[in-house]
Structure formats: C-alpha cells, structure tokens
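Treat the numbers as computed from the prediction; the structure is a model and nothing was measured. Each chain gets a letter, A, B and so on, in the order the sequences are listed, and its residues count up from 1. Atom set for the values below is all heavy atoms of this structure, side chains included, hydrogens, waters and symmetry mates excluded.
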Amino acid sequence: MISAPLVWSVIAAFAALGFVIAWRAARANTGTVGDYYLGGRNVGGMVAGLSYAATTYSAFMLVVLTGLTYRGGIGALGFELIYFAGLSLLVIFAPRFWLAARRWGFVSPAEMIGARYGSRAVARIMAAISLVFLLPYCTTQMAGIGLLLSGVTGGEISLFQAVATGAVLAMFWALLAGLRSVAWTDAALSVVMMASGILAVGFAISALGGWSDFVAGAREQTPEWLDQPGPGLWSLPTFFALAFPWFFFVLSNPQVSQRLFILQDFRAMRRMILWVLGFGLAFTLISVIWGFAALQLAPDLDNTSNATPALLSSGAIPVWVALLLILGILSAAISTLDSIALTVGAMVARDFVRRERAPSDARQILTGRVMMVLVVLFASYFALQQAAIVQQLAALSAAGLLVTVPPIIGAFFWRRGTAAGAATGMLGGGAVAVWMAIVQGVSVFDPVLPLTVAAVSTAAFIVVSLLTRPAEAALDFQGELRADLARHRAW
Amino acid sequence: MTSADHRPPAGRAVWLAAVALLVLAGFIVPYGILGGSGAPGLTLALFWLIFGLAVVVVIALGVARWRD
C-alpha cells in the first residue's frame, strides 16, 4: 500500500501545476464563444494532437484495457488496435469537419449536422443522444479515479475524497478558460501519462528480470494469453462486438470530433493526426504490456480490473514511479472528463437553448459553464452511488453513439439525406440500443447488439430520407466544400 | 476554377481499399490463420505490432498530400 499523505502531496503538486497552466490559458481568452469553446480556432498541431490523444485515451487504458489483457490476453491489443485503425476515418472526415466549421462558424458537431439537414431538431436530437450516452461514460471516469486512489491506499483515501478531487480538478480546468485551458492542461497531462507509463512498464519488466525473462515468463506461464481467442474472453463474436462500435469512435464521440474545429490550418490538422497516431500506438502497447506484467507480478486476481492497483502496490514498482503512474491515470481520467464536460456545455449552449434566450457570447458561455458544473456533479454523484442503470448506459455508450454515424456520413456524402431521416435513424437506433441492453439484457459483448443498432439506425435514415424531401434550409456540404477540398488536395 | 479542378486528387479508392483490407486482416489473421493453436508464442503479438505500424503508415500516406 502507498500512504495517503504521500498520494495527497503529489496530487497537490500536480493540481498546482495544472492551475498555473489553466490560469495562463485564461489570460489568452478574449471572451467570445469561438474563443471559449474552440480556442479561437487557432490551436496548433502538437497541442491539438496531445489534447485529442489525452481526451481519447482515458482511464480506460490503464485500468480497463489492462484488466482485459490480464483476463483475456493478446486479444485486448487487437481490440484496441482495431479502434486505432478507426483513426483512418480522420483522413476523409477531418478536412470536411474543419472546412464546414470554418465556413459556417459551427461550434458543436451537433450544430453542424443540424444545419446540414436544415433542422434545429436534428441538432437537438444528436446533442441529446450524446448526453444520454456520454454522461454515464463520465461517471466511469470518476469511478476509475475513486477505485484507483482508494485501491492503492488500502481505503485510506475514501471513494468520496477521490471523486471530489477529480471533480474539483476537472471543473476548474474546464471552467476557467474553456477549450484553451482544457487543451493546454490536456497536453501537459498527456506527457505525464506517457512518461509515467513508460517508467512503470520499464520498472515492471526490470522486476521480472528484464525483457527476455518477461517474454519467456509469458510464454511459459501463460501461453494461452498469447493466443486468440486465448483463455476465453476474446472469442470472435466478443472481439467483433467490442471492436465494431469503437472503430467509429472518431465520428460518434463529439468530444473528439469537436477537436477538428479548433485547428488553425491544414498543416496543424496533419500534425495533430500524426501526434495522435504516435501517442496512441505507444500508449496502447504500454497498457497491454502492463497487463501482461501484472499477470506475472500479481497473479490470481479475482477482479481483473484491480490489476493496476494490485501491481502498483505489489512492491515491484518503486513508490515514486507508482505515484507518477497514479498521476498518469488521474490525468487520463480528468482530461477525458473535462473535455466531455466542455463539449456537452457547448452543445447545450448552442443546440438546446433558444438563441433568443442566449443571444450574446457571454450568455452562451455562462450557459455552457453551468452545464459543465452539472455534468461533473452528475458524474460524481453517480460514481458514488454506483447506480446500475448508469453503469449499464456507460457500457452501452460506444454502441449507443453509433446511431449518430449514418447522419454524419450522409451529411457529407449523400445529398438525399433528410432531417426526418436523420432524426428517425438516431431516435430509432437509440431506442433499440436502450431496449436491447437495458430491457432485454443483451450484453455489450454480444455482436447482435451493435449490429442491430447500426442496421436499424442506417436503414431508418435511408428509408425515411427517401420517403421525405430535404428541407429548403438544408446546406449542401458536398457541393459547397468540393472546391476547398480540391484546393487542399484532400480526398 | 473549372469543375475539373474540383475533382478530388487521385488515389482515394486505392487508399480506401487498403484500409478495408487492413481492417479485414485484423479479424481474419488472428482468428483464421495465426490464432487457435493454444500456444502461438509471439507470432500474434508480432502480427498486431505490424498491424499497428501499418495503420500509422496508411494514415500518414493519406494526409501526406494535404496542402494549406
């Protein structure tokens, strides 16, 4: 176990550093909506890339993915790399998102899709779907912070104290200067995540006698874990059920797709993508190797999601490295949490509240700030309550958010797509997802769930679109962006 | 600009096919070719490492032609 005062002292130092970064970011803000939610659309490639990576790679990696590796072996690496391959969607969609946001001044992805179909209702439905599935996902980040801090201190730090710490940090960094403080702190946090992960894995392998002994140990002690399906978890249906919805993460999750609006130019966009690729591949390998190391250093755990706390308190990792990794995981959770809070705030301010009620930039920023506080409080409350319905919705988030993918693809590649089709597809698909998972009890490990959700939302979008007419106010992204795409030599 | 200038640069179909093949390989190779032996050694780990690097290369090729 690690003593609570020691953990508190490093968290205090970490918080102080974050506050300084956020404070400096706040001084650069000009008070406009575009500045608050999108950093003035002038963020460079490296900061955007590290922020994107820190937002995408949450506490999931060193808690859940490590646990999945511990439980099922190398299939966990494959699952995460199929998600990683989904980043290829950025090659096609990042230029379109960026150009559309520039031309029409969109702040949230839901606002963009609503305008494309000429319907505020479509924007609201997309924002509502995101809220329903992202808020529980925030709760899991909070719960991850709680489990980690109470786990490594043997309960000395209570769940409430851990969650309250995460809430204060996430709230402050998001509220202070919006995207700019989130992006800057994200970039710093990503460095902590990567450095702590490399060090922790290095010490774990060293404790096992070096790389050769680590590999030999894996081959001799847990040979099945190097196979697929392996010891049981990664059957082909399960692998497909988890990987399929995650492949579309870059489109379906607004907290990452909104990052495409913040870039200053195409060069920054390319650099952002390259940074995400480098960070993502390295961090994925670290998380999976960490899981394999836990198998040897902390074997026979009943609850595999405790693999990381068990390894950290096993004595194999020096305390200072363990403390650094705790900060790394805390960073991963908070960077995801504050990004989701910021995006949800933007969606509520832009898509839900009538423009007449919040006509000024100041009112829209205030609305977003109130929403951010509510998001973090929601996540904190339900992390403490451990409500079953919230946990079910969190597990369902990847499959549930799939329903937004058909109207997003249609927005750029299918002129016949209509507002009625987009609304029906999202509502129908969302209802089917909730009905199957919550009412019928279909597991997220069952491929029938994501396949049915995808089929229903796609079919409803296409059929209803063909039966209805595009709204007169609908925008023609294909036609309007064609020349710009060609000029930038983007596909 | 004429409408001919508005055409997307060549190679999109080939690139999309490469991505599709890569993703397909992520399912077929571990389950149909390399996996299921019970103790494959490091073969699958090596495959996934190459897969990850191939993803990086394919995406880097996709963004390499972009111009400001």
Side-chain angles (χ1 to χ4, degrees), chain A residues 73-75 77-82 84-92 94-95 215 218-220 223-224 226-230 234-236 239-240 243 247 265-274 276-278 280-282 284-285 288-289 292 479 482-491, chain B:
Chain A
I74 199 74
L77 176 60
F79 151 63
E80 189 61 28
L81 287 177
I82 294 289
F84 186 66
L87 291 170
S88 57
L89 293 168
L90 288 173
V91 175
I92 301 296
V215 172
R219 295 178 71 164
E220 287 162 16
E224 253 195 294
L226 292 170
D227 198 5
Q228 276 180 255
W234 295 111
S235 67
L236 180 57
F239 185 81
F240 183 86
F247 181 83
D265 52 27
F266 256 65
R267 183 180 299 178
M269 198 186 308
R270 179 169 52 225
R271 288 190 73 193
M272 180 197 84
I273 291 171
L274 296 177
V276 175
L277 287 174
L281 184 58
T284 299
L285 293 173
V288 172
I289 293 171
F292 272 102
R482 191 178 163 90
D484 284 336
L485 285 168
R487 184 164 58 82
H488 289 291
R489 294 181 56 74
W491 283 322
Chain B
M1 272 185 150
T2 66
S3 63
D5 296 326
H6 294 174
R7 276 185 300 214
R12 183 169 76 174
V14 174
W15 184 85
L16 285 172
V19 171
L21 279 176
L22 192 58
V23 173
L24 211 56
F27 290 89
I28 291 172
V29 173
Y31 288 98
I33 299 172
L34 297 179
S37 68
L42 295 180
T43 320
L44 263 173
L46 194 63
F47 163 73
W48 282 120
L49 182 62
I50 293 168
F51 178 90
L53 292 171
V55 169
V56 173
V57 170
V58 165
I59 296 176
L61 286 174
V63 303
R65 65 181 61 228
W66 288 355
R67 297 285 176 271
D68 272 328

Residue part contacting chain B, namely of [X], when any heavy atom lies under 4.5 Å:
{"X": "A:V215", "value": "side chain"}
{"X": "A:F240", "value": "both"}
{"X": "A:T284", "value": "neither"}
{"X": "A:L81", "value": "both"}
{"X": "A:L90", "value": "backbone"}
{"X": "A:L236", "value": "both"}

Sort out for me which of B:I59, B:V55, B:D68 touches chain A most, counting heavy-atom pairs under 4.5 Å.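 Among the listed options, the one with the most contacts to chain A is B:D68.
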So which of [options] has the largest heavy-atom pair count under 4.5 angstrom toward chain B?
{"options": "A:P95, A:G73, A:G278", "answer": "A:P95"}
{"options": "A:A85, A:S88, A:P229, A:A218", "answer": "A:S88"}
{"options": "A:S235, A:A94, A:G75", "answer": "A:S235"}
{"options": "A:E80, A:R489, A:M269, A:R267", "answer": "A:R489"}

Derivation and outcome, side-chain contact (heavy atoms from CB on, under 4.5 Å), residues B:L53 and A:L281: CA-CA 8 Å; B:L53 292 171; A:L281 184 58; 3.8 Å; yes
Is there a donor-acceptor contact under 3.5 Å from the side chain of [X] to the main chain of [Y]?
{"X": "A:R270", "Y": "B:V63", "answer": "yes"}
{"X": "A:D227", "Y": "B:G36", "answer": "yes"}
{"X": "A:W491", "Y": "B:A10", "answer": "yes"}

Please state whether the side chain, the backbone, both or neither of B:V58 comes within less than 4.5 Å of a heavy atom of chain A.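 Neither part, no heavy atoms under 4.5 Å.
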Which atoms of B:A54 approach chain A - backbone, side chain, both or neither, heavy atom under 4.5 Å: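 No part of B:A54 comes within 4.5 Å of chain A.
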With sequence neighbours left out, write down each residue that passes side chain to side chain contact (heavy atoms under 4.5 Å, CB included) with A:A268, or none if nothing qualifies.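 Only A:L263, A:Q264, A:D265 meet the side chain to side chain contact (heavy atoms under 4.5 Å, CB included) criterion with A:A268.
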Whether B:W48 and B:F51 hold their rings parallel, tilted or perpendicular, with breakpoints at 30° and 60°: perpendicular
Between A:F239 and A:W234, what is the ring plane arrangement, given parallel below 30°, perpendicular above 60°, and tilted in between?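 Aromatic pair A:F239/A:W234 classed perpendicular.
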Smallest separation among heavy atoms of A:Q228 and B:P30, with atom names: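 Nearest heavy atoms, A:Q228 then B:P30: OE1-CB, 3.4 Å.
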My understanding is that only residues two or more places apart in sequence, or in another chain, count here; which of them pass salt bridge (Lys or Arg N to Asp or Glu O under 4.0 Å) with B:R65?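 Testing B:R65 for salt bridge (Lys or Arg N to Asp or Glu O under 4.0 Å), a comparison that skips the adjacent residues, returns none.
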